[in-house]
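Below is one structure, written out as structure tokens; the observations come after it.
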Amino acid sequence: MRRTASIPLALLATGAAGLGYAAGFEVRSFRLRRAELPVLGRGSRPLRVLHLSDLHLTPDQRRKRDWVRALAGLEPDLVVNTGDNMAHLEAVPAVLDALGPLLERPGVFVPGSNDYYGPVFKNPARYLLPDAGERRHKGFLPWQDLRDGMASAGWIDLTNARGRVKADHREIELVGTDDPHLHRDRYEHVAGAADPAADLSLGVTHAPYRRVLDAMTADGFSLLLAGHTHGGQLCLPGVGALVTNCDLPRRQAKGVSSHSYGGRTAALHVSAGLGTSPYAPVRFACPPEATLLNLVAQG
Ligand SMILES: [Fe+2]
């Protein structure tokens with residue numbers, strides 16, 4: 001009898017310890033990941049792109065704000081923010097404070113669902129299930145104020161838009177969409193071949209649904225950046241992500257990969273992001289991250 005009782009107790013203790021680690025330590029264990037991508041023309045010198053995503057910031061998250069502010073010390077040539085900045089009605093000043101010195105550098109952004117709508121409680125187990133297509137929202141977040149704050153600093157709003165930015169004297173052609181997870185992407189309004197004369201052609205979206213990646217790749221955009229997946233958020237060591245919360249394969253849930261469509265191939269980087277919903281403040285084997293992408297010449 002004693003033996004049969006000890007097994008569930010041990011499992012319970014292990015589960016509780018794992019949950020405590022995931023909620024208490026890993027979710028605040030911010031990391032800077034570095035990656036090198038050969039997407040520039042032959043002979044080009046490197047270009048450094050800081051990719052931020054999924055801050056899900058609340059006003060009381062001082063440590064996360066300070067960590068993001070300190071990233072300005074990397075002196076990136078370009079900052080790309082792929083959305084889901086807020087998790088609180090009063091988060092705009094906190095987000096703008098976190099981005100503070102980064103806003104002085106060239107930057108671009110797109111929104112995610114958690115810029116438009118406040119977080120809602122979900123059974124955390126649902127996060128590990130396939131997307132059933134249901135979208136529940138609670139209240140509107142002041143996205144316009146955050147958008148205006150970033151835009152007034154000179155960052156380019158790529159919400160279903162094209163643009164152009166100069167970074168370290170290089171010409172970068174840009175295309176972006178509104179959040180595909182909310183079916184707000186309107187790529188057909190911005191479609192068109194990327195300019196081959198640009199030093200880099202960059203596609204940006206929040207949720208890396210394949211229809212958007214397909215369209216950007218077919219148009220010749222050579223580097224695609226997205227967030228949304230949280231890298232799977234609750235991962236299994238040695239296995240990786242169990243879900244991507246979109247139609248991207250699990251093996252591409254975070255980091256560098258490639259996407260092919262229409263006879264072309266683009267480099268893809270998906271950020272695991274820096275936050276979580278306040279109703280599911282846990283990460284496991286998937287620490288919160290920002291990424292410094294070192295773009296180099298093709299070999
Ligand atoms: Fe997110």
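FYI, side chains are in, hydrogens and waters are out, and symmetry mates aren't considered; it's all heavy atoms of this structure. Indexing begins at 1, ligand by ligand and atom by atom, following the structure's order. On a predicted model such as this, the values are computed, not experimentally measured, just so you know.
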Should the pair Trp67 and Phe30 be assigned to parallel (<30°), tilted (30 to 60°) or perpendicular (>60°) ring geometry?
tilted
[Y] and [X] side chains, donor-acceptor separation under 3.5 Å:
X      : Y      : value
Arg31  : Ser29  : yes
Ser113 : His206 : no
Asn160 : Tyr187 : no

What is the name of the N/O/S atom of [X] that is nearest to the Fe ion (ligand 1)?
X      : result
His56  : NE2
Asp84  : OD2
His230 : NE2
Asp54  : OD2

Give a yes/no answer: is there an N/O/S atom of His228 under 2.8 Å from the Fe ion (ligand 1)?
no
Working to the nearest 0.5 angstrom, can you tell me the gap between Tyr116 OH and Arg184 CZ?
4.0 Å
